[in-house]
Undergrad: 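First the structure, then my questions, so here it is.
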Protein chains: 2
Amino acid sequence: MINLNIYTKKLRESGLRPTRQRLKICEVLFSPEKTFHFTVNDLKKIIEEKLSEKISLATVYNTIHAFKKKGYLKEISINSDKSYFDTNTTDHQHFFDEDKSELIDCGDDEIDSINIKRNITGKKIKSIEVLIRVASDNQNQN
Amino acid sequence: MINLNIYTKKLRESGLRPTRQRLKICEVLFSPEKTFHFTVNDLKKIIEEKLSEKISLATVYNTIHAFKKKGYLKEISINSDKSYFDTNTTDHQHFFDEDKSELIDCGDDEIDSINIKRNITGKKIKSIEVLIRVASDNQNQN
DNA sequence: AATTAGATTAAAACAATTCTAAACTGTTGA
DNA sequence: TCAACAGTTTAGAATTGTTTTAATCTAATT
Ligand SMILES: [Mn+2]
Ligand SMILES: [Mn+2]
Ligand SMILES: [Zn+2]
Ligand SMILES: [Zn+2]
């Protein structure tokens with residue numbers, strides 16, 4: 001299988017051995033044509049239900065964190081009880097659909113580039129994150 | 001005391017009775033000249049240590065949430081285990097100092113206004129949040 | 001003052017995440 | 001090839017921020 005080498009390489013580069021569980025994680029994260037957003041529980045469910053591979057939460061967390069550290073995944077800031085991750089690691093922004101608790105990509109071409117006129121002394125900008133919260137018009141905005 | 005009426009009004013407008021604990025919360029949140037950012041625990045500590053008023057976490061949470069709902073406080077989205085609130089309810093953006101886990105206001109004049117070229121069908125934009133993560137140059141960026 | 005609706009509180013429940021430690025597996029080099 | 005080691009998996013426990021509960025208390029209304 002062609003992709004196995006790619007997965008193994010990504011794992012090795014993240015400081016991880018290519019184990020059965022981790023290769024399944026790679027299959028879910030890196031084989032789809034399209035990038036997507038997910039929570040840790042989403043990922044665990046996909047592996048267990050679609051790929052029929054039992055996997056512990058601890059393994060999912062440890063692999064995801066290694067990928068994030070290496071830059072193969074991004075974490076998105078939302079005020080939510082759970083963390084959201086993104087397989088799209090390019091520079092882009094997000095809509096957050098509050099009705100469905102779902103992230104939607106906002107391409108670089110769909111938003112004007114952010115220009116910051118101030119800098120914090122002695123600090124470097126690590127990232128600029130934009131979150132556009134949306135909800136259906138007739139919404140209880142509590 | 002002049003401010004008592006203001007606090008009582010804010011509480012009443014948030015659907016809350018002006019109790020001893022809640023007036024202390026108001027004193028902390030709404031008397032300072034400058035706005036500030038805080039976590040629930042920060043607030044509890046200030047009330048107990050500086051104002052010597054015992055207060056339960058449940059009361060802090062319930063009051064903060066009522067103020068947020070009414071618009072007297074804003075909650076800021078950061079990927080953090082805890083929630084950050086802001087007594088500055090005007091439209092503004094933030095720097096997040098990752099070294100100190102501290103928010104810094106970014107005035108409207110310090111960042112170009114965000115122009116979004118796409119809209120999500122059937123959805124209304126509720127807010128546009130920008131978070132600029134900063135850290136000292138020589139930083140372990142794990 | 002009595003009544004009642006709402007508030008306070010300690011403690012329990014909850015949920016996401018992290019940690020632990022024992023069993024297991026991939027890798028390496030003899 | 002295979003023993004030995006280092007790294008991995010896992011269930012379950014621990015941790016942490018937040019929410020809920022239910023008993024007690026208090027502000028508001030009469
Ligand atoms: Mn959490
Ligand atoms: Mn939490
Ligand atoms: Zn995305
Ligand atoms: Zn602010």
Side-chain angles (χ1 to χ4, degrees), chain A residues 4-5 7-28 37-45 47-48 51-70 73 75-85 101 103 142, chain B residues 4-5 7-28 37-45 47-48 51-70 73 75-85 101 103 142:
Chain A
L4 269 190
N5 302 313
Y7 301 160
T8 297
K9 191 168 176 237
K10 283 199 157 149
L11 286 166
R12 284 259 146 75
E13 285 178 349
S14 305
L16 300 175
R17 287 184 185 172
T19 62
R20 205 165 73 254
Q21 290 84 348
R22 287 175 178 163
L23 288 168
K24 290 295 182 183
I25 291 178
C26 287
E27 197 174 329
V28 174
H37 307 102
F38 65 94
T39 65
V40 167
N41 241 293
D42 292 340
L43 181 50
K44 182 176 194 293
K45 263 197 197 123
I47 292 171
E48 296 195 328
L51 305 193
S52 315
E53 175 82 35
K54 204 193 163 309
I55 191 169
S56 75
L57 258 185
T59 299
V60 178
Y61 274 106
N62 117 350
T63 308
I64 290 310
H65 286 152
F67 280 153
K68 179 189 170 191
K69 185 168 181 173
K70 179 64 185 177
L73 283 180
E75 189 170 359
I76 311 300
S77 293
I78 304 172
N79 263 351
S80 164
D81 39 345
K82 29 195 161 210
S83 298
Y84 284 73
F85 293 89
S101 286
L103 284 164
N142 94 251
Chain B
L4 269 190
N5 301 314
Y7 302 160
T8 296
K9 191 168 176 239
K10 283 200 157 149
L11 286 166
R12 283 257 146 75
E13 286 177 350
S14 306
L16 300 175
R17 287 186 183 170
T19 62
R20 205 166 71 255
Q21 290 83 349
R22 287 173 177 164
L23 288 168
K24 290 295 182 182
I25 291 178
C26 288
E27 196 176 328
V28 174
H37 307 102
F38 64 94
T39 65
V40 167
N41 241 292
D42 292 341
L43 181 51
K44 182 174 194 293
K45 262 196 198 125
I47 292 170
E48 297 196 326
L51 306 193
S52 315
E53 174 83 36
K54 205 194 160 307
I55 191 170
S56 74
L57 258 186
T59 298
V60 177
Y61 274 106
N62 117 352
T63 308
I64 290 310
H65 285 151
F67 281 153
K68 180 189 170 189
K69 185 168 181 173
K70 179 64 186 176
L73 283 179
E75 189 171 359
I76 311 300
S77 293
I78 305 172
N79 263 352
S80 163
D81 38 345
K82 27 196 161 208
S83 298
Y84 283 74
F85 293 89
S101 287
L103 284 164
N142 94 249

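Everything numeric in this text was worked out from a predicted model, so none of it was measured. Quick note: numbers below take in every heavy atom, side chains included, and nothing from hydrogens, waters or symmetry partners. Lettering of chains follows the sequences in order, A, B, ..., and the numbering in each one begins at 1.
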Undergrad: Looking only at side-chain atoms of B:Ala58, point me to the closest of C:dT9, D:dT18, D:dT8.
TA: C:dT9
Undergrad: Can you tell me the distance, in whole Å, between the CG atom of A:Asn62 and the P atom of D:dT8?
TA: 7 Å
Undergrad: Could you tell me the separation between the CD1 atom of A:Ile25 and the C1' atom of D:dT9, rounded to a whole number of Å?
TA: 11 Å
Undergrad: Identify all pairs in which a protein N or O lies below 3.5 Å from an N or O of nucleotides 28-30 of chain C, and state each distance.
TA:
none

Undergrad: Taking the minimum atom-to-atom distance to the side chain of A:Gln21, which one of D:dA11, D:dT9, C:dT9 wins?
TA: D:dT9
Undergrad: Tell me the interatomic distance from A:Lys44, atom NZ, to C:dA15, atom P, rounded to whole angstroms.
TA: 16 Å
Undergrad: Quick check for you: among D:dG17, C:dA10, D:dT10, whose closest atom lies nearest to any side-chain atom of A:Ile55?
TA: D:dT10
Undergrad: Do B:Leu43 and B:Phe85 touch side chain to side chain, with heavy atoms closer than 4.5 Å?
TA: no
Undergrad: In this structure, how many angstroms lie between the C1' atom of C:dC19 and the CG atom of B:Asp81, rounded?
TA: 16 Å
Undergrad: Could you give the distance from NZ (B:Lys24) to NZ (B:Lys54), rounded to the nearest 0.5 Å?
TA: 14.5 Å
Undergrad: Please report, rounded to the nearest Å, how far the P atom of D:dT20 is from the NE2 atom of B:His65.
TA: 10 Å
Undergrad: In terms of side-chain heavy atoms of B:Arg22, which of C:dT8, D:dA11, D:dG17 is nearest?
TA: C:dT8
Undergrad: Compare the minimum distances between each of D:dT8, C:dT9, C:dA16 and the side chain of A:Lys82, then state the nucleotide with the smallest one.
TA: C:dA16
Undergrad: Please determine if a side-chain N or O atom of B:Thr59 lies less than 4.0 Å away from the OP1 or OP2 oxygen of C:dA7.
TA: no
Undergrad: How long is the straight-line distance from CD of B:Glu13 back to CG of B:Leu11, given to the nearest 0.5 Å?
TA: 10.0 Å
Undergrad: What are the atom names and distances for every N/O pair under 3.5 Å that joins the protein to nucleotides 22-30 of chain D?
TA:
unit_1, atom_1, unit_2, atom_2, d
D:dA27, N3, B:Arg17, NH1, 3.4
D:dA28, OP1, B:Arg12, NH2, 2.5

Undergrad: How long is the line joining CD of A:Glu48 and P of D:dA11, in whole Å?
TA: 9 Å
Undergrad: For A:Ser83, answer base if it contacts any base atom (sugar-phosphate contacts may also be present), sugar-phosphate if it contacts only those atoms, and nothing otherwise; contact means non-hydrogen atoms under 4.0 Å.
TA: sugar-phosphate
Undergrad: Find which nucleotide of DNA chain C each of B:Glu53 and A:Tyr61 is nearest to by heavy atoms, and output the residue with the more 5' nucleotide.
TA: B:Glu53
Undergrad: I'd like to check B:Thr8 versus B:Leu23 (side-chain heavy atoms, cut-off strictly below 4.5 Å). Are they in contact?
TA: yes
Undergrad: Answer with base, sugar-phosphate or nothing: what part of the nucleic acid does B:Leu57 contact at a heavy-atom distance below 4.0 Å?
TA: base
Undergrad: When rounded to the nearest 0.5 angstrom, what is the spacing between CG in B:Leu103 and CZ in B:Phe38?
TA: 11.5 Å
Undergrad: Roughly, in whole Å, what's the span from NZ in A:Lys54 to P in C:dC24?
TA: 14 Å
Undergrad: CD1 of B:Ile55 to CZ of B:Arg22: how many Å apart, nearest 0.5 Å?
TA: 9.0 Å
Undergrad: Where do A:Phe67 and A:Ser14 come nearest, in terms of heavy atoms and distance?
TA: CD2-OG, 3.3 Å
Undergrad: Working to the nearest 0.5 Å, report the span between NZ of A:Lys44 and CD1 of A:Ile25.
TA: 11.0 Å
Undergrad: Rounded to whole Å, how long is the line connecting atom CG of B:Asn79 with atom P of C:dT17?
TA: 10 Å
Undergrad: Let me confirm one number: the CG-CG distance from A:Leu57 to A:Asn41, rounded to the nearest 0.5 Å.
TA: 6.0 Å
Undergrad: So do A:Tyr84 and A:Ser101 actually touch side chain to side chain, heavy atoms under 4.5 Å?
TA: yes
